[in-house]
Amino acid sequence: MFLHFGVNTFTDSEWGTGRESPSVFNPVGLDAGQWVSAAAAAGVSLVILTAKHHDGFCLWPSKYTDHSVASSPWKGGRGDVVGELVGAAAGGQSGGGVDVGVYLSPWDRHDRRYGKTLEYNEYYLAQLQELLTRYGSVKEIWFDGAKGSNAPNMSYDFTDWFAMVKELQSSANIFSNAGPDVRWVGNENGFAGTTCWSTINRTALSIGNIQCSYLNTGDPAGTDWVPAECDVSIRTGWFWHKSQSPKNITQLLEIYYHSVGRNCLLLLNVPPNTTGLIPDSDVERLREFRTAIDTIFSTNLAEGCSVRASSSRGGRNNGGFAPENVLDKDHLWTYWAPDGREERDGYYWIEISSGGSSLKFNVIRVQEAIGLGQRIKRYEIHVDGEKIANGTTIGYKRLHRLKRGVVGGRNVMIRVLESRSVPLISSFGLHYDPYYWHSK
């Protein structure tokens, strides 16, 4: 979950000018424990805070600038938003169980060093070091190349920045539109492409030089494993604005199907308000969102069905790669694997059969054994011999919400028509989404 918070929250802005007085920042009721509790209740495992946005105002007392919480009236200048979030996430205030990441904007509209390459890169490195050494484990660092058209020319030394992250926080994931660990999906709508590979060629990208289509689909010939992250806000803006309200459940589920359901991570922004709290309306919407996801996916209508396949590695004894593995509870490390020989029908297939009563569903879930790579390039799904869905990539998770609405049938078959190697399917599900209203 993204937390956009700072002076923009108090000035009703999205991009600050850098000329804002620290005196405007005074979230008198700030409760990072409430942020973490809301995140945890929604099933969120990571929260990322805008420690510094483009306006240059720092949410921690940096010793390298006075443009920070230390110059604000909040807690008499002794506050530390980053520290409070880390403390809450560690469990001191709300049970914990949530990891923390930080966003540190390269573009700084306040600092006089910006535009002076050597001076500013040293300044940025110093602030990055503070964040990486003061606050314990940091799980993700968010970098981007965003800056205004009139911003001074500035070359960022990403190589040194990334090296510092890996030296001081070796397990942290680094996000940017060019990776190296997580990539931007190419838009802020939360929608991945219908084709979405976790691989790209990083040499084809540079931070700030955006290639939206390439980022959105990935590259089947890519040599770098850099899965996409979909960032989108629960409201229209990224920062809190009194005039705005959270998206409804229909909109949030649409985002979920187009992000998580297309082999991506979802980073949903939920901005705190001027009091320093996530508004009740947003907390409730997060709760409703979690309830909706649980309602749809907690029951797999395919459970208890018989399963057969075109072949299985290990022959009659299956060797641990039986087709029945797609219906167990392990969606990662148990899987069906065909024997790899040329299939008699010209494609690999696996079929779920109810044997009796008709299965009724409107969502189909397919997952690959992603720990062994992303392989499937083209597939079809048939119900009682009729094609009802098709696609290209699957990856960690592919969700098909059927346009025709609820369908019924006794036999559901996945046909893998094209694959980079022998396909490995770890999980298969049939689900009913009661929130989905379709038009025939």
Side-chain angles (χ1 to χ4, degrees), residues 1-32 34-35 38-39 47-62 65-75 77 79-85 100-112 114 124 127 131 141-152 154 175 184 188-190 231-247 267-283:
M1 189 167 85
F2 226 161
L3 296 165
H4 273 66
F5 188 56
V7 291
N8 291 345
T9 308
F10 297 84
T11 60
D12 200 29
S13 303
E14 285 291 302
W15 278 13
T17 64
R19 297 187 296 274
E20 297 84 3
S21 169
S23 64
V24 305
F25 185 82
N26 192 22
V28 294
L30 188 146
D31 183 358
Q34 186 247 11
W35 305 352
V47 292
I48 299 176
L49 176 67
T50 54
K52 183 184 80 169
H53 204 251
H54 310 322
D55 49 74
F57 183 79
C58 298
L59 295 184
W60 80 101
S62 173
T65 181
D66 59 3
H67 198 56
S68 78
V69 288
S71 299
S72 77
W74 178 57
K75 294 194 171 183
D80 183 344
V81 181
V82 178
E84 293 207 11
L85 176 60
V100 173
V102 292
Y103 170 101
L104 186 65
S105 171
W107 183 29
D108 190 321
R109 304 187 77 179
H110 173 80
D111 197 86
R112 59 172 180 77
Y114 191 85
Y124 189 95
Q127 290 201 316
L131 292 171
I141 309 292
W142 240 74
F143 298 95
D144 68 15
K147 63 179 179 180
S149 58
N150 295 323
M154 179 73 214
F175 170 98
W184 187 44
E188 294 183 343
N189 304 320
D231 60 316
V232 60
S233 187
I234 197 170
R235 291 168 169 245
T236 304
W238 289 94
F239 287 87
W240 178 82
H241 304 280
K242 186 177 182 179
S243 61
Q244 296 178 1
S245 300
K247 293 178 170 67
L267 181 61
L268 181 65
N269 178 64
V270 185
N273 59 22
T274 52
T275 304
L277 299 171
I278 295 174
D280 291 342
S281 59
D282 300 52
V283 172

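Because the structure is a prediction, the values reported are computed rather than measured.
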Side chain proximity check, Thr17 to Thr11, heavy atoms < 4.5 angstrom:
no

Which residues satisfy the side chain to side chain donor-acceptor pair (under 3.5 Å) test with Arg109, sequence neighbours excluded?
none

Is a side-chain donor or acceptor of Glu20 paired with a backbone partner of Asp55 at a separation under 3.5 angstrom?
no

Hey, is the main chain of Gly16 close enough, under 3.5 Å, to the side chain of Asn8 for a donor-acceptor pair?
yes

Could you tell me whether the side chain of Thr50 reaches within less than 4.5 Å of the side chain of Leu3, counting heavy atoms only?
no

Between Ser62 and Gln127: side-chain donor-acceptor atoms closer than 3.5 Å
yes

Of all the heavy-atom pairs spanning Val69 and Asp80, show the shortest one and how long it is.
CG2-CA, 4.5 Å

Using modelled atom types and a 3.5 Å cut-off, is there a donor and acceptor pairing between side-chain atoms of Asp282 and backbone atoms of Val270?
no

Closest non-hydrogen atoms of Arg235 and Pro279, given as atom of the first, atom of the second and distance, are NH2-CG, 3.8 Å

Heavy-atom closest contact (Pro272 atom, Thr9 atom, distance):
O-CG2, 3.6 Å

State the OG-CD1 distance between Ser245 and Ile234, to the nearest 0.5 angstrom.
10.5 Å

CZ (Phe25) and OG (Ser71) are apart, to the nearest 0.5 Å, by 12.0 Å

Phe239 and His53: side-chain contact (heavy atoms from CB on, under 4.5 Å), yes or no, with the steps?
CA-CA 11 Å; Phe239 287 87; His53 204 251; 3.7 Å; yes

Under 6.0 Å between ring centres: does that hold for Trp74 and Phe10?
no

Decide whether Ser105 and His54 meet the rule of one side-chain donor and one side-chain acceptor closer than 3.5 Å.
yes

Heavy-atom donor-acceptor pair, Lys52 side chain to Trp60 backbone, under 3.5 Å:
no

For the student: nearest non-hydrogen atoms of Phe57 and Pro22, plus distance
CE1-CB, 3.8 Å

Residues Asp108, Tyr124; criterion side-chain contact (heavy atoms from CB on, under 4.5 Å); working and verdict
CA-CA 10 Å; Asp108 190 321; Tyr124 189 95; over 6 Å; no

Can you confirm whether the side chains of Glu14 and His241 place a donor and an acceptor under 3.5 Å from each other?
yes

Could you go through the side-chain contact (heavy atoms from CB on, under 4.5 Å) check for Ile141 and Val102 one step at a time?
CA-CA 5 Å; Ile141 309 292; Val102 292; 3.6 Å; yes

Taken in chain and number order and not counting sequence neighbours, the residues that satisfy side chain to side chain donor-acceptor pair (under 3.5 Å) with Thr65 are none

Tell me every residue that passes side chain to side chain donor-acceptor pair (under 3.5 Å) with Thr275, counting only those two or more places apart in sequence or in another chain.
none

Where do Leu131 and Leu104 come nearest, in terms of heavy atoms and distance?
CD1-CD1, 3.9 Å

What class does the angle between the rings of Tyr103 and Trp142 fall in, given that below 30° is parallel, 30 to 60° is tilted and above 60° is perpendicular?
tilted

Please name the pair of heavy atoms, one in Gly148 and one in Trp107, separated by the smallest distance, quoted to 0.1 Å.
N-CH2, 3.0 Å

Aromatic rings Phe5 and Trp35: how do their planes relate, parallel, tilted or perpendicular, breaks at 30° and 60°?
perpendicular

Kindly indicate, with the supporting measurements, whether the criterion side-chain contact (heavy atoms from CB on, under 4.5 Å) is fulfilled by Ile278 and Asn273.
CA-CA 6 Å; Ile278 295 174; Asn273 59 22; over 6 Å; no

As an exercise, state the distance from CG of Asn269 to NE2 of His4, rounded to the nearest 0.5 Å.
5.5 Å

